[in-house]
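Residue numbering restarts at 1 for every chain, and letters A, B, ... go by the order of the sequence lines.
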Amino acid sequence: MEIKFYNSLSRRKEEFVPLTPGVAKMYTCGPTVYNFAHIGNFRAYIFEDVLRRALEYCGYRVEQVMNLTDVDDKTIRDSREAGLGLSEFTERFKRSFFEDIALLKIEKAEYYPAATDHIPEMISLIKTLMDRGYAYRADDGSVYFSIAKFANYGKLSRMDMGAQRPGERVCNDEYDKDAVADFALWKSWSESDGEVFWESPWGKGRPGWHIECSAMSMKYLGKTFDIHTGGIDNLFPHHEDEIAQSEAANGCRFVNFWLHCGYLTVEGEKMSKSLGNFYTLRDLLEKGYKAEEIRLVLLGTHYRKKLDFSFKALGQSRRTLESFAELFRRLGSVEVKVSKGLGKLLRDADEGFSKAICDDLNIAGATAVLHGLAKDVNKLLDMDKVSEEDASEVMKLFRKFDRIYGVLPLDVAPEGDSIPEDVSLLLDERRAAREQKDYAASDRIRDEIRALGWAVEDSASGQILKKLH
RNA sequence: GGCGUGGUGGCCGAGUGGCUAGGCAGUGGUCUGCAAAACCACGUACACCGGUUCAACUCCGGUCCACGCCUCCA
């Protein structure tokens with residue numbers, strides 16, 4: 001199926017055509033491992049995950065690279081503060097990053113290259129840029145890219161560097177660059193770097209911020225590849241600089257499709273530590289929210305729009321997941337034998353869902369299809385018009401939709417094994433009371449069970465126990 | 001100053017030149033001993049002002065407002 005993406009380069013939706021038929025090669029800007037990732041970061045990773053899942057949904061084999069930035073100003077600063085070596089310091093954040101994305105049901109990329117494992121590749125790329133005349137060594141020993149030499153500079157961000165007003169936010173004197181917008185490829189060692197440095201043809205130092213993405217994408221995906229993504233804040237200067245470096249060095253197009261996701265706010269405000277609305281995944285888990293609920297909130301709006309993360313939305317997600325769990329439970333206990341056939345209903349839903357997803361990842365449209373199908377199926381279940389065979393077809397389709405969502409409670413086992421003994425005894429007692437139509441006792445026991453953290457609902461087939469949150 | 005995004009019913013959030021998006025909350029109802037769940041019904045929204053058109057929330061122009069980027073940032 002044809003899939004369309006909004007390409008930041010052309011500023012319009014374009015049909016996705018990969019370089020190699022059937023294969024989608026993508027580079028996704030990953031974490032800087034100097035701290036625990038926050039929900040703003042996860043918004044981006046979840047967007048990238050949906051992109052990946054959508055490509056797979058459409059039959060592509062995905063080759064994804066997500067870099068781990070394990071050396072930069074902040075990483076060096078904080079590792080020194082912690083009194084740890086760089087790799088020792090970043091190791092725990094790398095580990096927690098992988099734990100977090102697993103909890104959030106983010107599919108793993110094929111490659112997670114770390115910057116510090118690719119210094120030779122970066123040096124070699126910088127050398128090429130020097131040889132081709134795009135880079136120069138400044139008096140401070142650092143190597144800079146000269147944007148004046150690259151005619152296409154600004155094609156992604158549509159910035160006319162000549163029209164900018166340099167110097168308003170940055171003091172020119174701090175730099176030994178020829179032009180303010182020139183950016184560092186190699187930063188010469190300074191005292192604040194401590195033990196962190198590598199030898200290079202330009203003396204000891206460390207790579208600039210942008211060069212790792214060029215060097216590593218090239219290594220794993222080739223000089224030209226299909227998709228590059230990141231947060232909108234990376235569009236300039238990071239991605240613009242990547243294009244400049246890569247295309248200047250290779251003399252060919254760097255990336256065909258650039259996709260950027262919007263910002264995340266928390267309760268309507270920009271997330272920041274000073275506002276006290278800065279949340280990591282573990283912060284939210286400690287508050288009792290589940291990773292699935294968090295993922296669903298982050299899936300709540302189109303990736304290019306700004307997304308407001310709120311506790312109200314988290315609560316809504318919980319209810320949504322519970323109502324789906326209830327539907328799947330009902331589907332699992334169908335006893336009707338004769339099938340009326342739900343063919344058209346399922347076909348329409350399938351088609352509507354794919355159409356939405358393939359239209360620049362219209363997740364909200366897809367979610368409407370999901371809810372529409374749930375409502376239709378519930379209606380039929382109320383009328384006893386769903387056979388066992390129909391139910392399994394319906395489940396199969398929801399399972400297919402979940403290849404995108406990754407959070408549907410498809411395999412909700414009846415809370416069986418986890419029911420505490422006291423609750424289980426009360427349940428038996430209540431059943432006995434109900435058999436004797438002793439509703440006063442039944443209601444009293446229901447309250448007792450509720451006090452223990454469980455809700456009891458009565459249905460035609462008996463009592464249904466649900467854990468309260 | 002330059003570049004860009006957006007303003008949809010109580011809240012969240014899709015979309016389209018004419019045909020009910022959807023969710024949450026609310027109200028009424030069906031079902032139920034009650035409750036819950038599920039289902040049904042109801043609210044007739046698209047910032048403002050013009051223009052194009054048989055017809056605009058959807059296209060064009062302008063206004064107002066909010067927000068983002070212009071070397072920390074997903």
Pick the P atom in B:G9 and in B:C57, then give their distance to the nearest Å. 15 Å
At 4.0 Å (heavy atoms only), tell me whether A:N378 reaches a base, stays on the sugar-phosphate, or touches nothing. sugar-phosphate
Check if the side chain of A:D443 and the base of B:G33 share a donor-acceptor pair of N or O atoms closer than 3.5 Å. yes
For A:K312, answer base if it contacts any base atom (sugar-phosphate contacts may also be present), sugar-phosphate if it contacts only those atoms, and nothing otherwise; contact means non-hydrogen atoms under 4.0 Å. sugar-phosphate
Please classify the nucleic acid contact of A:Y263 as base, sugar-phosphate, or nothing, using heavy-atom distances under 4.0 Å. base
Using the ring of each side chain (for Trp, its six-membered ring), is A:F311 parallel, tilted or perpendicular to A:Y289, with breaks at 30° and 60°? tilted
Suppose we call a contact any N or O donor and acceptor under 3.5 Å apart; does that hold for the side chain of A:N41 and the base of B:C73? no
A:W209 has its side chain closest, among B:C73, B:A38, B:A37, to B:C73
Could one point to a donor on the side chain of A:R446 or the base of B:A35 with an acceptor on the other under 3.5 Å away? yes
Please confirm whether the shortest side-chain N or O distance from A:K379 to OP1 or OP2 of B:C40 is below 4.0 Å. yes
Hey, can you pull the residues of residues 227-243 of chain A with a non-hydrogen atom under 4.0 angstrom from RNA chain B? A:G230, A:G231, A:D233, A:N234, A:F236
Decide whether a cation-pi geometry holds between A:K108 and A:F98; the criteria are a distance under 6.0 Å from NZ or CZ to the six-membered ring centre and an angle within 45° of the ring axis. yes
Between B:A74, B:A14, B:C72, which one does the side chain of A:T301 approach most closely? B:A14
With a non-hydrogen cut-off below 4.0 angstrom, is A:G262 in contact with a base, only sugar-phosphate, or nothing? base
How close or far is atom P of B:A37 from atom CD of A:Q463, stated in whole angstroms? 17 Å
Give a yes-or-no answer on whether the side chains of A:T28 and A:Y45 include a donor-acceptor pair shorter than 3.5 Å. no
Listed nucleotide nearest any side-chain atom of A:D382, set B:A38, B:G22, B:C3: B:A38
Does either side chain, that of A:S188 or that of A:D140, offer a donor lying less than 3.5 Å from an acceptor on the other one? no
Rounded to whole angstroms, how far apart are CG on A:D348 and P on B:G22? 15 Å
Now, which nucleotide makes the Watson-Crick or G-U wobble pair with B:C46, with each of the two distances under 3.5 Å? none
Taken to the nearest whole Å, CE/A:M271 to C1'/B:C67 is 17 Å
Which nucleotide in B:G22, B:G6, B:A37 has an atom nearest any side-chain atom of A:E326: B:A37
From NZ of A:K305 over to C1' of B:A14, roughly how many Å is that when rounded to an integer? 8 Å
What nucleotide, of B:A35, B:G13, B:G22, holds the atom closest to the side chain of A:D458? B:A35
Go ahead and name the base partner of B:G10; Watson-Crick or wobble counts if both distances stay under 3.5 Å, otherwise write none. B:C24
Taking only the C1' atom of each, what is the distance from B:G51 to B:G68 in whole angstrom? 31 Å
Indicate whether the side chain of A:D241 and that of A:Y153 have a donor and an acceptor atom separated by less than 3.5 Å. yes
Heavy atoms only, 4.0 Å cut-off, all strands: where does A:A181 land among base, sugar-phosphate and nothing? base
Could you give the CG-to-C1' distance, from A:L298 to B:A74, as a whole number of Å? 11 Å
When you get a sec, tell me which of B:A25, B:G22, B:A14 is the closest nucleotide to the side chain of A:R319? B:A25
Has the side chain of A:R434 got a donor or acceptor atom sitting under 3.5 Å from an opposite partner on the base of B:G33? yes
Whichever of A:A440 and A:I39 has its nearest RNA chain B nucleotide further upstream toward 5': A:A440
Selection from B:C24, B:A38, B:A74 that lies nearest to any side-chain heavy atom of A:R330: B:A38
Quick test of your reading of the model: are A:R450 and A:D443 salt-bridged, counting only N-O distances below 4.0 Å? no
Nearest-angstrom distance, P atom, B:A55 to B:G18: 14 Å
What does B:G33 pair with, Watson-Crick or G-U, if both distances are under 3.5 Å? none
On RNA chain B, does the nearest nucleotide to A:R11 precede the nearest nucleotide to A:K270 from the 5' side, or the other way round? Give the residue. A:R11
In whole angstrom, give the distance that lies between atom CD1 of A:I363 and atom P of B:G22. 18 Å
Heavy atoms only, 4.0 Å cut-off, all strands: where does A:H260 land among base, sugar-phosphate and nothing? nothing
Salt-bridged, A:E326 to A:R329, with N to O below 4.0 Å? yes
Hydrogens and angles aside, do A:E269 and A:N277 bring a side-chain donor and acceptor to less than 3.5 Å of each other? no
Find the distance A:K375:NZ to B:G23:C1' and express it as a whole number of Å. 10 Å
Sugar-phosphate, base or nothing in reach of A:S442, heavy atoms under 4.0 Å: base
Taking atom P in both B:G17 and B:G23, what distance in whole Å separates the two? 24 Å
If the C1' atom of B:G4 is compared with that of B:G10, how far apart are they to the nearest Å? 32 Å
Which nucleotide, if any, forms a Watson-Crick or G-U wobble pair with B:C3, using both distances under 3.5 Å? B:G68
With the side chain of A:H371 defined as its heavy atoms from C-beta on, choose the nearest nucleotide among B:G22, B:G33, B:A35. B:G22
Anything under 30° is parallel, anything over 60° is perpendicular, the rest tilted; go ahead and classify A:H239 against A:H260. tilted
Expressed in whole Å, how much space separates the P atoms belonging to B:C3 and B:U20? 41 Å
Sticking with atom P, work out how far B:U8 lies from B:C46, rounded to a whole angstrom. 10 Å
Within 45° of the ring axis of A:F309 and under 6.0 Å from its six-membered ring centre, is that where the NZ or CZ of A:R43 lies? no
P atoms of B:C19 and B:A56, separation to the nearest Å: 11 Å
Rounded distance (Å) that lies between atom P of B:G23 and atom CG of A:D308: 21 Å
Just to be sure I understand the rule, does A:L264 reach a base, reach only the sugar-phosphate, or reach nothing, if contact means heavy atoms closer than 4.0 Å? base
Measure the acute angle between the ring planes of A:Y111 and A:Y220, then classify it against the limits of 30° and 60° as parallel, tilted or perpendicular. tilted
